[in-house]
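Taking it in order: structure first as structure tokens, then the write-up.
Convention: sequence-line order gives letters A, B, ...; per-chain numbering from 1.
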Amino acid sequence: MGVKHERRCWLVKSEPTTFSFDDLLAAPESTTPWDGVRNYQARNYMRDDMRVGDEVVFYHSNATPPCAVGLAEVASAARPDPSQFDADSPYADPTSDPGEPRWLLVDVRALRPFARSIPLSEIKAHPVLRELLVARRGNRLSVMPVSPEHLDVLVALAATDVRRSAPD
DNA sequence: GCCAACGTTGGC
DNA sequence: GCCAACGTTGGC
């Protein structure tokens with residue numbers, strides 16, 4: 001028997017007015033290069049820890065309400081982010097050395113939208129999900145780890161109908 | 001639009 | 001190496 005890889009799970013943020021989960025679903029192969037990450041910690045997660053097939057929660061930031069909207073997966077290993085060398089890109093970094101690019105990206109592929117989106121308010125109020133990094137005050141990472149246990153809770157919650165406040 | 005939190009920059 | 005200034009993120 002081969003050695004079983006431990007699951008690694010992630011959450012990525014995107015502003016839906018810039019790039020939404022629907023945009024990802026509509027992209028060729030439902031896949032896009034996750035470019036523009038300009039934070040060292042987020043870059044290091046992509047470079048050192050992300051593997052093809054890792055599950056990814058897609059989160060809409062700066063949305064009304066901010067919420068987790070669907071499931072995606074890592075679809076490539078980390079590679080240089082071309083936008084850092086594109087002078088016309090808002091993500092251009094003229095100080096990055098093409099021989100040793102500073103910024104990396106991975107491809108992200110949409111798997112399926114959640115049956116219902118889970119708003120941040122519900123994540124914060126949830127006894128387990130409140131531990132998520134995205135629920136922590138002041139957190140600004142655009143790529144962050146999520147434990148498999150937390151991801152499972154979130155996915156199960158997102159598969160349910162909106163909870164009724166009273167039985168019929 | 002406001003502002004708290006955070007990362008980065010640069011003077012010293 | 002410290003830290004104030006600044007820019008950005010992102011919830012509200």
Side-chain angles (χ1 to χ4, degrees), chain A residues 8-27 32-50 54-74 78-111 113-147 150-151 153-155 157-158 160 162-163 165:
Chain A
R8 291 181 189 162
C9 305
W10 307 96
L11 180 147
V12 298
K13 292 180 189 170
S14 185
E15 301 195 16
T17 54
T18 302
F19 191 83
S20 69
F21 192 70
D22 281 344
D23 292 332
L24 182 58
L25 282 167
T32 200
W34 203 251
D35 63 0
V37 173
R38 294 295 179 268
N39 172 282
Y40 288 103
Q41 197 176 349
R43 179 205 66 181
N44 294 349
Y45 284 135
M46 293 194 291
R47 183 188 63 192
D48 303 331
D49 300 317
M50 277 190 164
D54 285 357
E55 294 149 283
V56 178
V57 173
F58 199 104
Y59 177 87
H60 281 170
S61 60
N62 268 318
T64 309
C67 52
V69 296
L71 194 65
E73 67 176 353
V74 175
R79 65 171 185 279
D81 179 346
S83 68
Q84 69 197 299
F85 303 120
D86 177 358
D88 294 330
S89 168
Y91 306 126
D93 182 354
T95 68
S96 180
D97 173 5
E100 196 170 351
R102 175 175 301 147
W103 303 114
L104 305 175
L105 59 74
V106 298
D107 286 347
V108 174
R109 174 186 300 130
L111 292 177
F114 290 150
R116 70 181 182 96
S117 297
I118 306 298
L120 179 62
S121 58
E122 185 171 347
I123 291 172
K124 285 181 169 175
H126 191 281
V128 173
L129 296 181
R130 63 183 304 172
E131 297 164 7
L132 288 175
L133 289 178
V134 76
R136 282 218 334 222
R137 184 156 184 233
N139 174 68
R140 291 167 51 186
L141 270 183
S142 59
V143 175
M144 63 181 71
V146 175
S147 77
H150 284 113
L151 180 131
V153 170
L154 180 65
V155 166
L157 191 63
T160 64
V162 176
R163 186 175 313 169
S165 56

Legend entry - Val69(A), Leu11(A), Val12(A) screened by side-chain contact (heavy atoms from CB on, under 4.5 Å) with Tyr59(A), the one that passes: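 For Tyr59(A), the side-chain contact (heavy atoms from CB on, under 4.5 Å) test succeeds with only one of Val69(A), Leu11(A), Val12(A), which is Leu11(A).
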Inset, instruction - Would you indicate whether Arg136(A), at its atom CZ, is surrounded by more than 12 heavy atoms from other residues, nucleotides or ligands within a distance under 6.0 Å? - result: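 Result for CZ/Arg136(A): open.
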Inset, instruction - Using a cut-off of 6.0 Å, state whether more than 12 heavy atoms not belonging to Arg130(A) lie near its atom CZ. - result: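 Count not over threshold, so no.
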Legend entry - Minimum heavy-atom distance Asn39(A)-Trp103(A), with the two atoms named: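 So the minimum-distance heavy-atom pair works out to N-CZ3, 3.6 Å.
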Inset, instruction - Taking all heavy atoms of Val57(A) and all of Leu151(A), pick out the closest pair and write down the distance. - result: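 For Val57(A) and Leu151(A), the tightest heavy-atom pair comes out as CG2-CD1, 3.6 Å.
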Legend entry - chain A footprint on DNA chain C, 5' to 3' - any atom under 4.0 Å from a heavy atom: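 Here the contact window of chain A covers dG7(C) to dC12(C).
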